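Worksheet for the structure shown next.
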Amino acid sequence: MTTAMTHPDRCTSSNVVPLRLGILPRHRDYLMRWLEAGMRMGLCDADVCREDNRLFDMVLVWVRENADPAYGVHPEGMRWVLTDHLRDHRLGTFATFEAALQAIRPVMPAGAIAAA
């Protein structure tokens, strides 16, 4: 039995779709509520952007202490990665977007965190 995998001249298509999280409207809503709640704790601004060399959106978070974004949150598979954006250092991975933001500043009540 021959398959398209054994013949490089045959084109194969895969039904496998990589499972990847993305930043949804509900994430943006939570981000805005979290940012507003954290203004007194040094949160300054946040933005959803696409980095040049990446295929996904990233949330950048500014704090009062620095003019450059201090933190980044982006999806990686089914998890959310929190990075120290200034030092390009991974701080942790989280099951939800909300938990990643809470790791930066825990300003929202526990009931406000929804599964992502």
Side-chain angles (χ1 to χ4, degrees):
M1 179 172 146
T2 58
T3 64
M5 296 290 286
T6 59
H7 294 287
D9 57 331
R10 292 188 187 166
C11 183
T12 62
S13 63
S14 173
N15 290 335
V16 176
V17 176
L19 194 52
R20 184 179 305 168
L21 292 172
I23 296 172
L24 303 172
R26 69 181 179 84
H27 294 124
R28 291 174 189 266
D29 291 342
Y30 184 87
L31 176 63
M32 292 301 111
R33 289 185 293 133
W34 174 81
L35 184 61
E36 184 178 328
M39 288 289 183
R40 293 182 187 160
M41 292 185 67
L43 294 175
C44 186
D45 197 8
D47 191 20
V48 178
C49 64
R50 180 158 291 172
E51 297 264 318
D52 298 351
N53 58 347
R54 300 190 181 181
L55 299 174
F56 51 80
D57 291 334
M58 172 180 265
V59 172
L60 296 175
V61 177
W62 283 262
V63 295
R64 279 191 294 243
E65 299 84 24
N66 202 320
D68 294 322
Y71 299 98
V73 178
H74 69 271
E76 187 175 274
M78 291 301 296
R79 310 276 297 170
W80 293 91
V81 177
L82 171 62
T83 58
D84 176 333
H85 198 267
L86 297 170
R87 295 171 189 84
D88 195 27
H89 177 74
R90 183 182 288 224
L91 299 174
T93 58
F94 300 87
T96 66
F97 175 74
E98 295 84 355
L101 291 181
Q102 287 289 93
I104 297 171
R105 298 281 198 282
V107 298
M108 298 291 281
I113 297 176

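Just so it is clear, the model here is predicted, and its values are computed rather than measured.
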Does one hydrophobic cluster hold both [X] and [Y], with members joined at side-chain heavy-atom distances below 4.5 Å?
X	Y	answer
W34	F94	yes
L86	V59	no
Y71	V81	no
L101	M32	yes

Locate the shortest heavy-atom distance separating [X] from [Y]; write the atom from each residue and the value.
X	Y	answer
L60	C49	CD1-SG, 3.5 Å
R87	D84	NH1-OD2, 2.7 Å
A67	W62	O-NE1, 3.2 Å
E76	R90	OE1-NH2, 2.9 Å
C44	V63	CB-C, 3.9 Å

TODO: May I ask you to test the T83-H74 pair for a side-chain heavy-atom distance under 4.5 Å?
DONE: yes
Out of curiosity, [X] [atom1] to [Y] [atom2], how far, rounded to the nearest 0.5 Å?
X	Y	atom1	atom2	value
H27	T96	NE2	OG1	8.0 Å
F97	L24	CZ	CG	9.5 Å
L82	H89	CG	NE2	10.0 Å
E98	L31	CD	CG	10.0 Å

Task: Donor-acceptor under 3.5 Å (R105 side chain, L35 main chain) - done: no
Task: Non-neighbouring partners of R40 that pass side chain to side chain donor-acceptor pair (under 3.5 Å), sequence neighbours left out - done: none
Task: Test side-chain contact (heavy atoms from CB on, under 4.5 Å) applied to V73 and I104, step by step - done: CA-CA 10 Å; V73 178; I104 297 171; 4.3 Å; yes
